[in-house]
There are 2 protein chains.
Amino acid sequence: MEGRAARPRIADVARKAGVSKTAVSFAFNSPERLSAETAARIREVAESLGYRPNPVARMLTQRQTMTLGVLTPQALAVIFSNPFFALFSEGVAQAAEELGYELHFISPLHGSLAMAMGRAMVDGVVAIGLSADHPEVGQIEAAGLPMVLVDSDDLPGHSSVVVDDETGARAAAEHLIGLGHRDILILAVEGPQAAGIQPEHHGVSERRLRGYQAALDAAGIGLGSDHVVAGRASLAGGVATFERALAAGIRPTAVLAMSDAMAIGAVRLARERGLRIPDDLSVVGFDDVDLAAHVDPPLTTVHQPIREKGAVAARLLLARISAGASHRPERVRLATELVVRSSTAPANR
Amino acid sequence: MEGRAARPRIADVARKAGVSKTAVSFAFNSPERLSAETAARIREVAESLGYRPNPVARMLTQRQTMTLGVLTPQALAVIFSNPFFALFSEGVAQAAEELGYELHFISPLHGSLAMAMGRAMVDGVVAIGLSADHPEVGQIEAAGLPMVLVDSDDLPGHSSVVVDDETGARAAAEHLIGLGHRDILILAVEGPQAAGIQPEHHGVSERRLRGYQAALDAAGIGLGSDHVVAGRASLAGGVATFERALAAGIRPTAVLAMSDAMAIGAVRLARERGLRIPDDLSVVGFDDVDLAAHVDPPLTTVHQPIREKGAVAARLLLARISAGASHRPERVRLATELVVRSSTAPANR
DNA sequence: GTGAAAGCGCTAACAG
DNA sequence: CTGTTAGCGCTTTCAC
């Protein structure tokens, strides 16, 4: 509730320095409007009092917070443990820093994203993992807060950045098909309603699935509905999901996972079951998280420029913030690319 | 600098609903003071206008921001790419979330931590990686902001949390000595002046070095000054630093690294040079980051409860914030523990 | 149950 | 170059 030692206010400094509040304000914000010595004296007094302008009061009058919001349906703690988010945030942070903006993560507070959003003191928001029809998106829009959507469908009036999921997924499937695989299992990511760890992959999942399908169709390979299983986009999720498929009697020669974490989980489980990777089972991931190159065996995966995605989103938002409502929304689409490493090999049956 | 569509203010809602501003405020904050129907109507009008109480104005009157600051001398982008920080932040986030607090990262703005600190709207600060005599620490103290120091020396009047670095380091060295190693190279972390990637390890480095030394001394093993080389606490830093030692003609049978990242770098370089791990060279890390267990070979390292460190720091801060100045500072010391995996083996010479 | 009025601490015209 | 004077948008006693 309370507790802070009474902080000196601008009036205290003014009194002790024998000047007006304005003078003190100038000493901090426009020193050139004061004589050098007056300014210096004021700052000294301020320092001796331990005065620092109250940032909240200051932004109230300036009407800008100099901070960007990163909106996600994830718990805060997840953001740091999930490599995808960490990388994305790194990109956002980098762009924000360049322009002197700070970052504020907006995630569900007491379970409510709307509540967190209401509290957030930000000049704009980068929303990731929210579909365009998510209620919070409407809330932000109604409030007139600048926003850019990442990995969502387009929303008129707002910039967005997406990645070419479909093409990447298609390349992954084609790679496997080219290696002679015909019995392929797809490890999909759960939609948001299932409280998956990465609900942002909702629309993303569909796009990736479409890519896989396209390649399979083109090769005349049918995909039984039991060959698409969904689970959490985590290592544990990969283990559990693959296990479910195995338990159902599926014995694919290759796995197409929608996230690297799931792919790594599948590799782990496969080995526990005595399968050799890639000899007995080929595995392809998605995202190309840092770890992907360092696991054993190095993972074949679809690279998406996660960090850049964050940076681009932040720049778009910053542009919108400083240009005002006149800013024309842009839709940026970033490319994906298949990276072939050592977790895939020709089918052996 | 402007751009937001004019946001509706409380007065607009009041006018349209035909009530006073107070009523609108009550509708949001103390609905029980209004008739149910009035409250409902007001909220409806508010919603139709897209009104959301200005959070800045609100905290100005309430004099609390409900957000915690995490102060570090690192660039924001580093926080997400550095597993140590990510883990620490995860801990802080978890504790903050429990009490409905948000997190705000305070890192150098335009190169100035002091400036960033001045802008920050927070109720208190968790400072990590700042020595107690760091200027910003004085600034925070003077401003009367609650603060808890992590990995620093004690500062009267403030809670702190540290880890038992010395004991952990000593255990690591003893492990190696027990395996018959007598020619040990220490990969230290650079102090802050050297702009290392983890300046927070400054005092930490000294403590760890003391631990290593103690074990060596006890075993009667001398440590040439050329057997302690410092570098950045990153994989690349590990490679570079170990390379320097090798170039200087050092040929240890074991390496004691002050961070897992450095240890992994050393492993990588050693292999490139044709050394087998652990047969030809034993390597011990420090921190026990998630990755440590998953690299090849799994890394023997000193575990420190990083996540818990963050959580404890946040709880201490939260306690201080709500108890006020009467709160008695606590010093928490967390244990470290040697985790033996597969990167160490008996010396073969 | 509802409203008037006084701030919260600071900034920024506008005079002098 | 310095001071006076209004607010910024909201909360919150204190009357009605």
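Source: prediction; values computed, not measured. These numbers come from the heavy atoms of this one structure, side chains and all, not from hydrogens, waters or symmetry mates. A, B, ... follow the sequence lines: proteins, then strands. Residue 1 opens every chain.
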* Hey, is the side chain of A/Thr38 poking within less than 4.0 Å of OP1 or OP2 on D/dT2, counting only N and O atoms? -> yes
* Residue pair B/Ser81 / A/Glu90: nearest heavy atoms and the distance that separates them -> CB-OE1, 3.3 Å
* Starting at atom CZ of A/Arg119, determine the distance to atom C1' of D/dC10, rounded to an integer number of angstrom. => 15 Å
* Structure fact -> With sugar-phosphate taken as primed atoms, P, OP1 and OP2 and all else as base, the protein-contact string of nucleotides 8-13 of chain C at under 4.0 Å (heavy atoms; B, S, -) is BBBBBB
* Asked: By ring-ring contact (aromatic ring centres under 6.0 Å, His included), which residues pair with B/Phe88, not counting sequence neighbours?
  -> none
* Which pair of non-hydrogen atoms, one from A/Leu68 and one from A/Ala96, has the smallest distance, and what is that distance? -> CD2-CB, 3.9 Å
* Asked: Distance-only, no hydrogens or angles: does the B/Asp12 side chain make a donor-acceptor pair with backbone N or O of B/Arg9 under 3.5 Å?
  -> yes
* **Close aromatic pair by centroid cut-off 6.0 Å: A/Phe28 and A/Tyr51** => yes
